[in-house]
J.: 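Mind having a look at this structure? Questions to follow.
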Amino acid sequence: MRKLKKYTPTRFMAEGSHYDKKAADYAVNFIECLCHTKGIWAMQKFELIDWQEQIIRDVFGTIKENGYRQFSTAYVEIPKKQGKSELAAAVALLLLCGDGEERAEVYGCAADRQQASIVFDVAADMVRMCPALNKRCKILTARKRIEYLPTNSFYQVVSADVASKHGFNTSGVIFDELHTQPNRKLYDVMTKGAGDARMQPLFFLITTAGVDTKSICYEVHQKALDIINGKKHDKTFYPVIFGADVNDDWTDPKVWAKANPSLGITVSIDKVREACDSAKQNPGEENAFRQLRLNQWVKQTLRWMPMDKWNACAFPVDPSELEGRKCYGGLDLSSTGDITALALVFPPATEADDGRYAVLPYFWLPEEALDTRTKRDHVPYDLWVRDGLVNVTEGNVIHYGFIEAYIEQLSKLYNIREIAFDRWGAVQMVQNLEGMGLTVVPFGQGFKDMSPPTKELMKLTLEKKIAHGGNPVLSWMMDNVFIRKDPAGNIKADKEKSTEKIDGVIATIMALDRALRHENDQESVYENRGLLLI
C-alpha cells in the first residue's frame, strides 16, 4: 500500500493548538499493529493509505494548549469500497484500548443493529488477530460487545431503541453510514452532551453521500462543506469530503480518481468502469453510481448562483459617490430575533457605471442575540458587526424604530424612489416610512412576483452588469440560495436550513425589480423584452 510521503498539518488547526507528532505517531503505530480482516488483505498488517493516515494524524495529533485533542467530531464522507469499515473499526479500538481513558465507553451506531455490527465484526476480528489485544480483551459476540480489561472499558453496539435513553458517559462514538439514519434522535442522544464528562471525547462519523436533504446526515454534510469553504467556523469539527463536484462528468475516469482516494488499492478502476458502463446502458443506475461511486447527493436541490460569477462582480461600490443618485430599495423584515435586510439598487447613470447596477446592502440583528447566533450557527456575525457590515439594535429583538430612523437618514443621502416590502408583518413600519415621505410598495413572495427579477439577477450577474463591492455578508447569503421551481418554470429563492440566511438576496431581488420596472421612464423591461427562461 501507499504511505503518506509528507504530512502537512490540517488547515483547520485553531489558534493555540499545535501538531503533536508523538501523539500522531502513537495513533498511527497503534492502528498499523492491527491486521486487515477480509479479502486479499486478510491477515496483513493494516498499513494506512495516505488519506487515512492524514485523517488519523490530523484528528489525534492536533492538540490544544491544555494537552487534549482539538477535534471532538470528525466527519468523513467518501464513496463505498474505500476502506471505511476497516478504518472505523481501527479508530474504535484505538479509543477503546489505546486512548488512556479509564472506563472508556465507545459506542458503535448505525441505522440498525445489523448495520452497526459490520464495524463491530471487523473490530472483533482485529482483536483476535492481534495477540497483545486478544489476551487483554473479552469479546462478547452475542451482545456485540468488546471489553478491554486493563481499564474496564467497553465498545458496545447500540440498538435502535437507544434513541429513547439517556445517561451515556461517552468517550467515543463510531457512526457508520450516517446517511441511513431515519431521523436525528439517535445522533442527538449519542452526541449532544453525552461526552461532557470526558476531556476529549471523539465522535467519528463516516458515511457515503445520501439522497435525503432533510436528514441529519445532510445537515452535518452541509456544515462540513461550509467549514471546508470557509463559510463557517467550528474549531472542534474536522471535515473530510471526497466526491465529484456537481458539474463534473460522471463518466470521466479523472473524476473517478478525484472521488475515490483508494482507487487502484481497495477497489480497481475496472470495477468502477464496469459500473459506469452499466449505468450508461441503464439510466436507472446512474443515480446509484453517482451516489455510491462518486459520493454525490444525487437528489439534492442544487445551489443556484455560480459563486465564481458572483465574485467576478465585486466591482468597487463607493457609497459617497452614489449620494444624490436615484435608487430603489427592497426591505426584507425578519422575525423579531432574526436578520432584517435592506438593499438599495442604483441603476446605471453614467459612463463610469459601465451599464452596471450598484448594490448597497444593510443588515441588522438584535444585540443580545449576537453571541448566541454566532456560536449556534457558526457564522461570524460578531466579526461582521466589528467591521461595520452588520448593525445591531438594542435588546433581544429587532428594534424597528431604529431601522426606520436609519432608513430616514439614508433617504437624505440617496434619492430613494421606492421601497418594496414583503406584506407580512410590515404594516406599522410601512405606515411610519410613508409618514417620512417615502414611497413603499408591497411585493409578493410567490413565484409570480419573484421569478422575473430573480432570473434577471442571474442574467445581469453572468453579464457582469451587477456591482456589489464584494460585501461578504451578501455573498454568504447568495451562496446559501437554492431555487424552487413550479410546474410552469417560474423560480424563487429558497433556503435549505434555518441557519442559511438569504434575507439580503431577497431584498436585492425586490429592489432590482423596482429598478427594472422604472427603467426608461417607467417602461418595464419585462414588458419590453419578455420573460427570461433560465
Side-chain angles (χ1 to χ4, degrees), residues 1-3 24-49 51-53 55-56 59-60 74 76 78 80-159 162 168 170-177 190 202-207 262 265-267:
M1 286 195 180
R2 296 177 295 176
K3 285 294 294 176
D25 286 346
Y26 173 82
V28 169
N29 292 335
F30 180 96
I31 292 175
E32 294 194 334
C33 286
L34 303 173
C35 290
H36 288 286
T37 63
K38 297 178 181 178
I40 62 173
W41 305 108
M43 301 300 294
Q44 295 186 31
K45 288 296 183 181
F46 193 149
E47 187 175 345
L48 289 164
I49 308 172
W51 69 269
Q52 295 173 328
E53 184 174 346
I55 291 171
I56 296 302
V59 172
F60 289 90
V76 181
I78 193 168
K80 73 172 189 174
K81 302 303 180 184
Q82 302 300 301
K84 291 197 304 294
S85 297
E86 301 273 322
L87 181 63
V91 170
L93 293 178
L94 176 55
L95 294 173
L96 173 66
C97 310
D99 212 27
E101 186 80 12
E102 287 291 330
R103 298 184 182 276
E105 296 182 18
V106 183
Y107 295 94
C109 304
D112 51 50
R113 188 176 176 85
Q114 182 178 358
Q115 178 68 44
S117 297
I118 293 175
V119 173
F120 169 84
D121 291 341
V122 174
D125 285 341
M126 285 179 169
V127 169
R128 295 185 183 101
M129 295 176 184
C130 179
L133 291 183
N134 198 32
K135 68 180 182 180
R136 292 174 173 83
C137 291
K138 183 177 181 180
I139 301 174
L140 305 173
T141 304
R143 295 172 57 188
K144 300 298 181 184
R145 181 183 178 97
I146 301 174
E147 296 178 352
Y148 183 62
L149 304 180
T151 59
N152 292 308
S153 301
F154 64 81
Y155 168 51
Q156 177 69 61
V157 171
V158 294
S159 57
V162 76
F168 294 98
T170 304
S171 56
V173 172
I174 309 298
F175 240 112
D176 187 30
E177 298 297 5
M190 300 307 299
L202 178 63
F203 308 111
F204 195 79
L205 321 174
I206 193 160
T207 186
S262 298
I265 303 174
T266 61
V267 61

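Keep in mind that the numbers below use all heavy atoms, side chains included, and drop hydrogens, waters and symmetry copies. Keep in mind it's a predicted model, so treat the numbers as computed, not measured.
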J.: One pair to check against side-chain contact (heavy atoms from CB on, under 4.5 Å): Leu93 and Tyr148. What are the steps and the verdict?
T.: CA-CA 9 Å; Leu93 293 178; Tyr148 183 62; over 6 Å; no
J.: Is there a donor-acceptor pair under 3.5 Å between the side chain of Arg145 and the backbone N or O of Thr141?
T.: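 Flag not set: sc Arg145 to bb Thr141 has no pair under 3.5 Å.
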J.: Verify, without hydrogens or angle tests, whether Thr266 (side chain) and Lys81 (backbone) share a donor-acceptor contact under 3.5 angstrom.
T.: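 Indeed, once roles are kept as given, a pair shorter than 3.5 Å links the two residues.
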J.: Are side-chain heavy atoms of Phe120 and Ile146 found at a separation under 4.5 Å?
T.: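 When only atoms from C-beta onward are counted, Ile146 and Phe120 do touch, with a gap below 4.5 Å.
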J.: Could you measure the distance from the NZ atom of Lys144 to the OG atom of Ser117? Nearest 0.5 Å is fine.
T.: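 The OG atom of Ser117 is 4.0 Å from NZ of Lys144, to the nearest 0.5 Å.
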J.: Look only at the side chain of Ser171 and the backbone of Glu105, and say whether a donor-acceptor pair between them is shorter than 3.5 Å.
T.: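 Yes, Ser171 side chain to Glu105 backbone: donor-acceptor pair under 3.5 Å.
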J.: Checking the side chain of Glu32 only, and the main-chain atoms of Asn29 only, is there a donor and an acceptor separated by less than 3.5 Å?
T.: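 No; judged by distance alone, with no hydrogens or angles, the pair does not exist.
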J.: Taking the side chain as C-beta and beyond, is there a heavy-atom pair between Leu140 and Phe154 under 4.5 Å?
T.: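 In short, these two side chains do not touch, never coming nearer than 4.5 Å.
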J.: Report yes if the side chains of Glu53 and Val28 come closer than 4.5 Å at any heavy-atom pair, otherwise no.
T.: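 Yes, side chains in contact.
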J.: Would you name the heavy atoms of Leu202 and Ala74 that are closest together and state the gap between them?
T.: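 Looks like CD1-N, 4.4 Å.
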J.: Taking C-beta and beyond as the side chain, do Ser153 and Glu147 meet within less than 4.5 Å on heavy atoms?
T.: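 Sidechains of Glu147 and Ser153: no contact.
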J.: For Gln156 and Arg143, indicate whether the former's side chain and the latter's backbone hold a donor-acceptor pair under 3.5 Å.
T.: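 Yes, because the side chain of Gln156 sits within donor-acceptor range (under 3.5 Å) of the backbone of Arg143.
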J.: If I compare all heavy atoms of Cys33 with all of Cys130, which pair ends up nearest, and what's the gap?
T.: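 Result for this residue pair: O-SG, 4.3 Å.
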J.: So, for Ile56 and Leu48, which heavy atoms are closest and what is the spacing to 0.1 Å?
T.: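 Taking every non-hydrogen atom into account, CG1-CD1, 4.3 Å.
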J.: Go through the side-chain N and O atoms of Gln115 and Asp176 and say whether any donor and acceptor fall under 3.5 Å apart.
T.: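 Checked: Gln115/Asp176 side chains pair up, N/O donor to acceptor below 3.5 Å.
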J.: Tell me if a side-chain donor or acceptor on Asp112 pairs with a main-chain N or O of Gln114 at a distance below 3.5 Å.
T.: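 Answer holds: yes.
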J.: Any idea how Tyr107 and Phe168 line up, ring-wise: parallel (<30°), tilted (30 to 60°), or perpendicular (>60°)?
T.: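 It falls in the perpendicular class, over 60°.
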J.: To check you understand the geometry: which heavy-atom pair defines the closest contact between Tyr155 and Gly108, and what is its length?
T.: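 Shortest heavy-atom contact: CE1-N, 3.5 Å.
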J.: Write out all pairs satisfying salt bridge (Lys or Arg N to Asp or Glu O under 4.0 Å) with one or both partners inside residues 82-93, taking only residues at least two apart or from two chains.
T.: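 Every salt bridge (Lys or Arg N to Asp or Glu O under 4.0 Å) pair that includes a residue of residues 82-93, provided the two are not neighbours, is Lys84-Glu177.
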J.: Please tell me if the side chains of Val122 and Val119 come closer than 4.5 Å, counting only heavy atoms from C-beta onward.
T.: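 In short, these two side chains do not touch, never coming nearer than 4.5 Å.
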J.: What's the spacing between Ile31 CD1 and Met126 CE if we round to 0.5 Å?
T.: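 Going from the CD1 atom of Ile31 to the CE atom of Met126 covers 8.5 Å.
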J.: Nearest 0.5 Å please: distance from the CG atom of Leu87 over to the CG atom of Leu94.
T.: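 CG of Leu94 is found 10.5 Å from CG of Leu87.
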J.: Is Tyr26 reaching over with its side chain to a backbone N or O of Gly98, donor-acceptor style, under 3.5 angstrom?
T.: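 Yes: the side chain of Tyr26 pairs with the backbone of Gly98.
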J.: When rounded to the nearest 0.5 angstrom, what distance separates CG in Leu205 from CE in Met190?
T.: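 The distance works out to 11.5 Å.
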J.: Output, in order, the C-alpha distance, side-chain angles, deciding distance and verdict of side-chain contact (heavy atoms from CB on, under 4.5 Å) for Lys45 and Leu34.
T.: CA-CA 6 Å; Lys45 288 296 183 181; Leu34 303 173; over 6 Å; no
J.: Can you measure from CG (Asn134) to CD1 (Ile139) and round to the nearest 0.5 angstrom?
T.: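 Output value for this atom pair is 6.0 Å.
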J.: Please walk me through it: do Glu101 and Leu95 pass side-chain contact (heavy atoms from CB on, under 4.5 Å)?
T.: CA-CA 8 Å; Glu101 186 80 12; Leu95 294 173; over 6 Å; no
J.: What about Phe46 and Phe30, are their ring centers closer than 6.0 Å?
T.: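 No, they do not, as the ring centres are separated by 6.0 Å or more.
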J.: Would Cys97 and Cys137 count as a side-chain contact (heavy atoms from CB on, under 4.5 Å) if you check the C-alpha gap in whole Å, the side-chain angles of each, and the deciding distance to 0.1 Å?
T.: CA-CA 9 Å; Cys97 310; Cys137 291; 3.9 Å; yes
J.: What are the two closest heavy atoms between Cys109 and Val158, and how far apart are they?
T.: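 For Cys109 versus Val158, the nearest heavy atoms are SG-CG2, 3.4 Å.
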J.: Measuring from atom CD1 of Ile78 to atom CD1 of Ile55, what distance do you get when rounded to the nearest 0.5 angstrom?
T.: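 Answer rounded to 0.5 Å: 6.5 Å.
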J.: Say whether, by atom type as modelled, one donor and one acceptor occur between the side chain of Ser262 and the main chain of Gln82 under 3.5 angstrom.
T.: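 Looks like yes, one N/O pair under 3.5 Å.
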J.: Which pair of heavy atoms, one from Leu149 and one from Lys138, lies closest together, and at what distance?
T.: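 Minimum heavy-atom contact is CD2-CB, 4.5 Å.
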